[in-house]
Amino acid sequence: MGANGRVVASSRERPSLRRVFRLRPVGEAGPLLTAASYAIVIVACVVTLGPFFYILTTSVKDSGLLFQYPPDWIPADFFWGNYTFLLEQTSFLRWMLNTLVVALSVTVLKLLFDSMAGYAFAKMRFPGKNVLFVVVLATLMIPFSAILIPLFFLVRDLGLLDTYWALILPPLANPVGIFLMRSFIESLPNDLENAARLDGCSEFAVYRRVILPLIKPPLVVLAVLTFLIQYTSFIWPLVAVSSEDMRVLTTGLAAQRGVTSIDWGTVSAGGIMAMIPITIVFLALQRYFIAGSLAGALKQ
Amino acid sequence: MKLRGRSDRSAAVDAPAVTREDAQAPAIELVGVGKRYGETRALTDFTIDIGHDEFLVLLGPSGCGKSTVLKVVAGLEDATEGEVYINGRLVNYVAPKARDVAMVFQNYALYPHMTVEKNLGFPLKMTGRPKAEVRERVREAARLLELEPELSRYPEQLSGGQRQRVALGRAIVRNPVAFLMDEPLSNLDALLRVQMRDELQKLHRRVGRTTVYVTHDQTEAMTMADRIVVLRSGLVQQVGTPDEVYRRPTNTFVASFVGSPQMNLFEGRAEARDGVTTAVSPAAAIPLSGERYPEGEEVTFGVRPEDVLLTVDGERGAVAGVVTLVEPMGPDVYLDVALADDCSCLVRAPADTKVAEGERIHLRFRSEKIHLFDAEGVRIPT
């Protein structure tokens, strides 16, 4: 009882819901929100890691155990035959090499061309610049399936079918990188390039010595995205190359399916091994990738 | 003799520039230079000779074309018309890197991915100087600007004043014909700005190079300039020493733009009263002594706040008014005095002046300090 005779509720007597929904400082989550956050994160982890875990266990199971019920999530004995089959009986390493050559070549060339085109669109003055940029961007609206056949004829007429060039040249025409580079370069102050011009730089030297070092974050974003897209590309390599030695990982592994059945163990082992290079690339560039993704949002 | 022929742009970018025959050419010479952006005129018929070692300040409000002049001289913008000479060479179609001028930008434009040392040495490296020479000249510039301890740091690790010094150093190491400075102090706080202003002046005396300095800050202009060019809407309003611009403004724009606090301007008419020509306005009737004025014509007369004196009632030419605002400024006090409807006068009085807001006082204008302008705002010579 209070001094004036009124009953003063102690904190223990307050209804628990009021505690849950009471006003808090911005950014401080209550118990309900915290629980919901954890639940969402756990569900997201299960959804994203579940398939990975499934093919990992599948890759170390003998084919006889694949379809038993209830499933044996972690096999008692690891079966390495799927991996040895892939490495010894197929051209898996050759496909891996092809994939890396194509993905790295496309990535390097795209970084070069897109950053130069982005610089030109962002900073240089030439007649028809805006119209040309709109035309370049408009190519985004054409679905790849619509140009697949004409592209095939074009590559065939150039005599590039079943070569690395058939896999490297067409992806270079994607304008997303140009758009990304232009947006970032446009945000750099004009005085920097003007200072470089006065300091003795040619136009290419302005790009090479001043602009290029400053656009590392978006370059890394573009590099990771391009590498990932090329690494997992399937339809175009399926059309453009046909010989066993020119296959890439996706088409090589797809070719492991038989006429009536699929050897899931082998395909899973291939999938797991295919993840290794791209995981290394991502982990190596992760710091820059995250910084680059946030650069536009946080730039002062 | 000037060679007025227009060069072929495609051939002249890296070609030797056309030179004049006379050896005593000014460091920078602009002849009838104009600049248009589409339909917008940024600069009109700008003509000036800038001497060797001269400190020229381009002064004007935002958008008056002063930065455009710098860019045209530097080659970052092409002149739409007219000719630009640097050390007697026609440089209209010479690339910026070949003009031998260095520019200090408003936002410093330091290369963020380079250390101070590399920033300073970049212009020398680009011109292919030997590494030993680059290192020596960078050290020399760093010593001059007291930047030696900062040589291995990056621009983001420096204070505003240090960044400004690095920007200056990058200009100095090149030993150019002229420095072009585009509001280099405007990003600094008030105290640092005063310090850097002093340092710039000392540096100019030591280095002794032609400097073209853009500012909208009249204090910078008055304290630093050998000559001031006042610009408005791309047109030159006045060229003169700070003293000339302050004491003999050519028009009402210059009169009101230069000087802090602003000059008081009163519109009125010159009339003969009791045998004395008098400037009559709703604010006051001021006898104009010993000069010939266009009687009967509309005039604007101006008087600087420090040339308005507090006086007593009854004195000849005394004007009555009511103090509406008292602003103590330390050494002075500014009084805003209402003289008539919609007509007030700013007075700069000694700090110990005892007046209160709402008090009725009497003012006297020093007639020998009165500036007279015609109906178009042009100064009437006296």
Side-chain angles (χ1 to χ4, degrees), chain A residues 111-112 115-116 118-120 122-131 181 183-223 285 287-288 291-292 294-296 298-300, chain B residues 13-14 37 67 70-78 86 94-115 118-129 134 154-156 166-171 173-174 176-184 187:
Chain A
L111 293 189
L112 180 69
S115 59
M116 285 203 290
Y119 174 68
K123 296 293 187 182
M124 295 178 76
R125 281 179 285 189
F126 54 90
K129 182 172 89 168
N130 293 333
V131 174
M181 290 297 120
S183 306
F184 196 87
I185 294 170
E186 220 167 32
S187 70
L188 298 175
N190 292 338
D191 283 350
L192 268 183
E193 30 171 311
N194 284 338
R197 286 190 189 107
L198 279 164
D199 282 346
C201 287
S202 63
E203 206 60 41
F204 184 76
V206 173
Y207 157 79
R208 159 76 186 78
R209 293 179 181 278
V210 177
I211 301 295
L212 210 51
L214 295 178
I215 57 170
K216 269 185 196 161
L219 280 179
V220 172
V221 172
L222 183 61
L285 299 177
R287 189 162 57 95
Y288 299 103
L294 295 175
L298 300 179
K299 196 165 167 51
Q300 297 295 309
Chain B
V13 170
D14 286 319
Y37 296 99
S67 292
L70 279 202
K71 287 178 182 167
V72 167
V73 173
L76 300 173
E77 297 279 1
D78 291 331
I86 295 176
V94 173
K97 63 178 179 178
R99 294 197 178 195
D100 199 15
V101 292
M103 192 156 169
V104 179
F105 294 87
Q106 183 174 2
N107 59 7
Y108 319 130
L110 301 180
Y111 308 122
H113 56 294
M114 296 183 197
T115 60
K118 287 190 174 163
N119 262 287
L120 292 176
F122 188 72
L124 300 174
K125 187 181 169 189
M126 284 294 99
T127 47
R129 301 290 168 82
V134 173
Y154 285 88
E156 65 176 5
V166 177
L168 282 172
R170 200 172 61 189
V173 287
R174 292 178 52 189
V177 170
F179 296 124
L180 310 175
M181 301 192 184
D182 191 0
E183 306 203 31
N187 282 353

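Chain identifiers are assigned alphabetically (A, B, ...) following the order of the sequence lines, protein sequences preceding nucleic acid strands; residue numbering begins at 1 within each chain.
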| field | B:Glu77/A:Arg125 ion pair, N-O < 4.0 Å | value | yes
| request: Any pair with a residue in residues 207-222 of chain A that passes side-chain hydrogen bond (donor to acceptor under 3.5 Å, both in side chains), sequence neighbours left out, goes on the list, sorted by first then second residue, please. | output: A:Ser115-A:Tyr207
| task | Answer with side chain, backbone, both or neither: which region of B:Val101 has an atom nearer than 4.5 Å to a non-hydrogen atom of chain A? | result | both
| said: Enumerate the side-chain hydrogen bond (donor to acceptor under 3.5 Å, both in side chains) contacts for residues 104-114 of chain B, please, sequence neighbours excluded, ordered by first and then second residue. | reply: A:Asp199-B:Tyr111, B:Gln106-B:Ser186
| request: Name the region of A:Leu198, side chain, backbone, both or neither, that has any atom closer than 4.5 Å to a heavy atom of chain B. | output: both
| Under a 4.5 Å heavy-atom cut-off, does chain A meet the side chain of B:Ala74, its backbone, both or neither? | both
| task | Identify which part of B:Leu180 has an atom lying under 4.5 Å from any heavy atom of chain A, answering side chain, backbone, both or neither. | result | neither
| message | What I'd like to find out is whether the side chain of A:Ser202 reaches to under 4.5 Å of the side chain of B:Lys97, using heavy atoms alone. | response | yes
